[in-house]
Protein chains: 2
Amino acid sequence: MPDEISHNTDDPASAAPLGTAVDRRPADLRPDARRNRERVLKAAREVFAAQGTDAPVSTVARRAGVGVATLYRRFPTRSALLAAAFDDQLGECATVFEEALADPNPGHGLYTLLEKVCTTLVTDRGFDTVFMTGFPETLDYGRERACAEAGLTHLVQRAIDAGQLREDFDTADIPLLLLAVSGLAGQPPETALPAARRLLTYLFQSFQAHPPSRPGPLPPAPRMDLTGPHRTDGV
Amino acid sequence: MPDEISHNTDDPASAAPLGTAVDRRPADLRPDARRNRERVLKAAREVFAAQGTDAPVSTVARRAGVGVATLYRRFPTRSALLAAAFDDQLGECATVFEEALADPNPGHGLYTLLEKVCTTLVTDRGFDTVFMTGFPETLDYGRERACAEAGLTHLVQRAIDAGQLREDFDTADIPLLLLAVSGLAGQPPETALPAARRLLTYLFQSFQAHPPSRPGPLPPAPRMDLTGPHRTDGV
DNA sequence: GGTCAGGTGGACGGTGCCGTCCGCTTACGT
DNA sequence: ACGTAAGCGGACGGCACCGTCCACCTGACC
């Protein structure tokens, strides 16, 4: 599971020793450049959230009020820009993930973890792409991923042992759930969010080891029309 | 729900009286043209199934062994080609849908309907796009759709009345489920298919009005890695 | 205030796709 | 056999995007 992908901490000690250290630490930048960098990131977040990861780079540049060259100077490739734009979200993910691991009630931890991740997944268009693919070229993916996966397996096992998850629940069901939720990401957020919640509720009720004879309540079902991916173009 | 979109029956009586009658009836074509038309459709099915609806038209033409112009002559726009390519699948959908409506056991009817649709959704890449969007410009969508929706609501209501579906089940949960399953469509078919089955099982167990105290068995969980949309390029 | 590395923006070449145009080919009727 | 209309394919113009290049600014430091 691609949680806690290495996120830039703006900490000089975390300089990337790898050859791919294209994104120099913002602290070294001239203040105007630093300001532009921020503007680009802000614009990138907005544009990618609204239009998805396929949005043209020039749109981001225009929205940031800078030229394309400036943007490419900081983020030499599209992937780099994407990774940087979603970096803090990824970091937040990592935090939530650690909170979940620390939760004494594993079932509750797992639920809140997935609830939060799914919310982001469905609210921020384009986050799904970054989250799912993880940009093997841009970020050192493998280690963090393996670590997250191990933690997740452990959490799941704890929840099973506690009698909160059915015996035949599998760690692989979590990517499954994530993928399923990301299928809702194309909808406009105001329907996608309740939809995701409802789906999550359905699934969690199914995940229980001992379901009650009458199923628990569901969040409301949003009306949704499937026609088209619903670009929320901000001009 | 976009089931049973108007599918060409190759029946002369079904001539489109609308202005959009660009796709002349194959019977009128010269035999060589007719043959080429079939070749194009076959190639389109293959290419779109393997690469998704974004595949370039020229790829289809090349695979069919015809020039681009030939292709565009028959299918003046990309949408037309897509619609035509998935026409029979859509027709099959309609058949399955009617079978489901006719099933004396509404719960069983609903399950098999969704099982089949989901299988197609996950097996044929690109079918999801066509199925979900339904091409309002190309096909007369509204009537069929409304009809399907009404039938579906009726089926759901029957299943609820029969005590097979929980009271708070909503017709809108079906698009929800479809969307969720289509989220798996990016995976390679050999993992996507079992994944879809498992997801469907989880959900249906949750849909039951009176779940058993021990949940029923699940189909196996496939290992899946989320990294990337997994183009299955057939060269 | 001068100099210059670092920063900037717009213009540019490259690429991949769409959908059309036009001159050649082929099947069918006489 | 031959004329004609239908069919054909490659080449083409247009467009959108990517990523680079270069000539012009600007802020920090002497």
Side-chain angles (χ1 to χ4, degrees), chain A residues 20-41 43-44 47-48 50-85 126 129 135 137-138 231 233 235, chain B residues 20-41 43-44 47-48 50-85 126 129 135 137-138 231 233 235:
Chain A
T20 54
V22 273
D23 186 12
R24 203 198 327 168
R25 225 151 317 68
D28 297 356
L29 294 175
R30 239 165 58 179
D32 55 338
R34 189 179 160 77
R35 191 168 44 80
N36 273 348
R37 187 180 183 278
E38 282 316 311
R39 280 213 260 175
V40 166
L41 279 176
V47 169
F48 290 140
Q51 299 186 227
T53 48
D54 291 341
V57 176
S58 57
T59 305
V60 175
R62 200 169 345 109
R63 179 153 195 146
V66 304
V68 211
T70 305
L71 194 158
Y72 273 109
R73 168 176 286 258
R74 295 290 154 248
F75 310 102
T77 170
R78 177 185 199 71
S79 294
L81 178 59
L82 277 170
T129 316
F135 292 108
E137 344 118 35
T138 314
R231 315 243 125 186
D233 294 341
V235 176
Chain B
T20 54
V22 273
D23 186 12
R24 204 194 329 165
R25 226 150 321 61
D28 296 357
L29 294 174
R30 237 165 60 177
D32 54 342
R34 188 180 161 78
R35 192 169 42 81
N36 272 348
R37 186 179 184 278
E38 282 317 311
R39 281 213 259 175
V40 166
L41 279 176
V47 169
F48 290 140
Q51 298 187 228
T53 48
D54 290 340
V57 176
S58 57
T59 305
V60 175
R62 199 170 345 110
R63 178 154 195 146
V66 304
V68 209
T70 305
L71 194 158
Y72 274 108
R73 170 177 284 257
R74 295 290 154 247
F75 310 102
T77 170
R78 178 187 197 70
S79 294
L81 177 59
L82 277 170
T129 316
F135 293 106
E137 344 118 35
T138 314
R231 314 245 125 186
D233 295 341
V235 174

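Below, chain A is the first sequence line, B the second, and so on; all start at residue 1.
- Atoms CZ (A/Arg39) and C1' (C/dG9) sit 13 Å apart, rounded to a whole Å.
- In this structure, A/Arg34 atom CZ and D/dT26 atom C1' are separated by 19 Å, rounded to whole Å.
- B/Ala69 comes within contact range of at least one nucleobase, with a heavy-atom separation under 4.0 Å.
- In this structure, A/Asn36 atom CG and C/dG9 atom P are separated by 6 Å, rounded to whole Å.
- A straight line from OH of A/Tyr72 to P of D/dC18 spans 5 Å, rounded to a whole angstrom.
- Within the structure, every side-chain polar atom (N or O) of A/Arg73 is placed at least 4.0 Å from both OP1 and OP2 of C/dT8.
- Taking the side chain as every heavy atom from C-beta outward, A/Thr129 and A/Phe48 never approach each other to under 4.5 Å.
- Summary of the strand contacts: B/Val68 and B/Asp32 both lie near DNA chain D, and taking for each the nucleotide with the nearest heavy atom, the more 5' one is attributed to B/Asp32.
- Side-chain contact between A/Asn36 and A/Arg74 is absent, with no heavy atoms from C-beta onward closer than 4.5 Å.
- The one candidate from A/Leu81, A/Val57, A/Thr77 that meets the side chain to side chain contact (heavy atoms under 4.5 Å, CB included) condition with A/Tyr72 is A/Val57.
- Computed from coordinates, the B/Arg62 CZ to D/dC8 C1' distance equals 18 Å when rounded to whole Å.
- Across all their heavy atoms, A/Phe75 and A/Val40 have their closest contact at CE1-CG1, 3.7 Å.
- Between D/dG9 and B/Thr70, a contact under 4.0 Å exists linking OP1 or OP2 to a side-chain N or O.
- Separating the CG atom of B/Leu71 from the P atom of C/dC17 is a distance of 14 Å, rounded to the nearest angstrom.
- When the P atom of C/dA27 is taken as reference, atom CZ of B/Arg35 falls 9 Å away, rounded to whole Å.
- Taking only side-chain nitrogens and oxygens, A/Arg74 comes nearer than 4.0 Å to OP1 or OP2 of C/dT8.
- A/Glu38 places its CD atom 15 Å from the P atom of C/dG7, with the value rounded to the nearest Å.
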